[in-house]
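Below: one structure, written as structure tokens.
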Protein chains: 2
Amino acid sequence: MGEPDAPGGHAVGPVGTAVGQAVGDIGAYIRAQREHARVSLRQLARTAGVSNPYLSQIERGLRTPSAEILGQIARALRISAEALYVRAGILEQRPAGAIVDAVLADPHLTEQQKHALLEVYQSFRRDSTGADHPE
Amino acid sequence: MGEPDAPGGHAVGPVGTAVGQAVGDIGAYIRAQREHARVSLRQLARTAGVSNPYLSQIERGLRTPSAEILGQIARALRISAEALYVRAGILEQRPAGAIVDAVLADPHLTEQQKHALLEVYQSFRRDSTGADHPE
DNA sequence: CGGGGGCGCTTGCTCCGGCAAGCGCCCAGC
DNA sequence: GCTGGGCGCTTGCCGGAGCAAGCGCCCCCG
């Protein structure tokens, strides 16, 4: 796999000891979250529905878990799957927009409709810069 | 691991029998998007960086592509990766009012702008048949 | 007419994600 | 002491994701 863009790279996690942003660190990040939650490896493996040796290998960076596994781990850890996906490099980090996020992820809209909606939204934001900040 | 149906809980799908053949569904969706973009299978495979036989199998539901492959396909099709992930069941569908909530909560928009945005959104949803794509 | 280049699909292979079994370690209770 | 049950880790295997090679088809151009 190549370079994950590693955009800007703010510290996404609530855990202060969060390490760098390399993909291999997804394991370290998971381990940090697990320890922060005071849960044993076997216990997390059980609630996440993965085998304990596999989770061990994931945490030490010996295996690259699939998105499905990441989702199960995220749920067991009570953290958002998006956060893990971003760390795994399969989702771009977009700090800018709750609205943008929601629109893009909505399966009810066609791609053209999404773009149209965001176009309108952006134009609103563009000329209403003083809306909340009176000069 | 069974149903990606998970924590959202409800049967969210606008697509008839939503749960179940997530694989075939996403394949059909990709093929629909590709044909809508008037691109040949080999051509999309080339720009997406996957082999053409593999893309063929994905579209016919014979293979389950990884998130990384899905991301490459999304990029090549110029659609959002989130949409594909949601369809693939690795990202949860947002609750129905996610867009509405996000718009209403945005401090950068005036009330009129919010109303206008939601108007457009509702009109899109009104006549959209979901993933349909005439033409 | 031949042949070169597009299309989509089938086949067979490699490689690795993911698991079951089992290791050594430590601590509580009989 | 020894057993039972927790911990994290190593090993060996299996299924499937993903690709290279090659098939038959159609169209275009010399």
Side-chain angles (χ1 to χ4, degrees), chain A residues 1-4 17 22-77 81 84-85 87-91, chain B residues 1-4 6 20-77 81 84-85 87-91:
Chain A
M1 28 175 108
E3 302 290 322
T17 58
V23 176
D25 291 334
I26 178 77
Y29 179 73
I30 291 175
R31 174 159 290 190
Q33 291 294 324
R34 175 174 65 80
E35 287 174 347
H36 178 255
R38 312 272 178 198
V39 181
S40 78
L41 189 150
R42 286 178 114 106
Q43 200 169 338
L44 175 59
R46 223 173 292 124
T47 62
V50 306
S51 72
N52 75 77
Y54 184 46
L55 180 57
S56 169
Q57 290 170 324
I58 290 174
E59 287 191 352
R60 284 173 304 134
L62 304 182
R63 287 279 197 273
T64 308
S66 69
E68 185 178 358
I69 297 291
L70 284 179
Q72 296 176 24
I73 293 175
R75 184 178 323 167
L77 278 175
L84 273 191
Y85 292 165
R87 274 212 116 78
I90 67 177
L91 256 193
Chain B
M1 12 235 97
E3 281 58 304
Q21 68 282 29
V23 177
D25 196 31
I26 187 158
Y29 180 73
I30 291 176
R31 172 159 292 189
Q33 291 295 324
R34 175 175 65 79
E35 288 174 346
H36 177 253
R38 310 262 180 206
V39 180
S40 79
L41 189 149
R42 285 179 116 108
Q43 202 168 338
L44 175 60
R46 223 173 290 125
T47 63
V50 307
S51 72
N52 76 78
Y54 185 44
L55 180 56
S56 169
Q57 290 171 324
I58 290 174
E59 288 191 352
R60 285 174 301 137
L62 304 181
R63 287 282 196 273
T64 308
S66 69
E68 185 177 359
I69 297 291
L70 284 179
Q72 297 175 24
I73 293 175
R75 179 168 305 240
L77 278 175
L84 271 191
Y85 291 166
R87 280 210 115 83
I90 68 177
L91 259 192

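Residue numbers start from 1 in every chain, and the chains themselves are labelled A, B, ... in the order their sequence lines are given, proteins ahead of strands. Note that the coordinates shown come from a computational prediction; the quantities given were computed from them, not determined experimentally.
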request  = Mind listing the closest non-hydrogen atom pair of A:Pro65 and A:Ile69 along with its distance?
outcome  = CB-CG2, 4.0 Å
request  = Would you tell me if any nitrogen or oxygen in the side chain of B:Thr64 comes within less than 4.0 Å of OP1 or OP2 on D:dG16?
outcome  = no
note = Given protein heavy atoms under 4.0 Å, the one-letter contact record of nucleotides 5-11 of chain D, with B base, S sugar-phosphate only and - none, is simply --BBBBB
remark   = Smallest heavy-atom separation, B:Glu59 atom then B:Ile30 atom, equals OE2-CG2, 4.0 Å
request  = Could you tell me the separation between the CD1 atom of A:Ile73 and the C1' atom of C:dG17, rounded to a whole number of Å?
outcome  = 12 Å
query = In whole angstrom, what separates B:Glu68's CD from D:dG18's P?
reply = 8 Å
Acceptor/donor pairs from residues 40-55 of chain B side chains to any protein atom, 3.5 angstrom cut, sequence neighbours excluded:
residue	atom	partner	partner atom	Å
B:Ser40	OG	B:Gln43	N	3.1
B:Thr47	OG1	B:Gln43	O	3.4
B:Thr47	OG1	B:Leu44	O	3.1
B:Ser51	OG	B:Tyr54	N	3.4

task = Could you pull out the closest heavy-atom pair between A:Leu84 and A:Leu70, with the gap in Å?
result = CD1-O, 3.4 Å
key: Residues forming a side chain to side chain donor-acceptor pair (under 3.5 Å) with B:Ser66, sequence neighbours excluded   = none
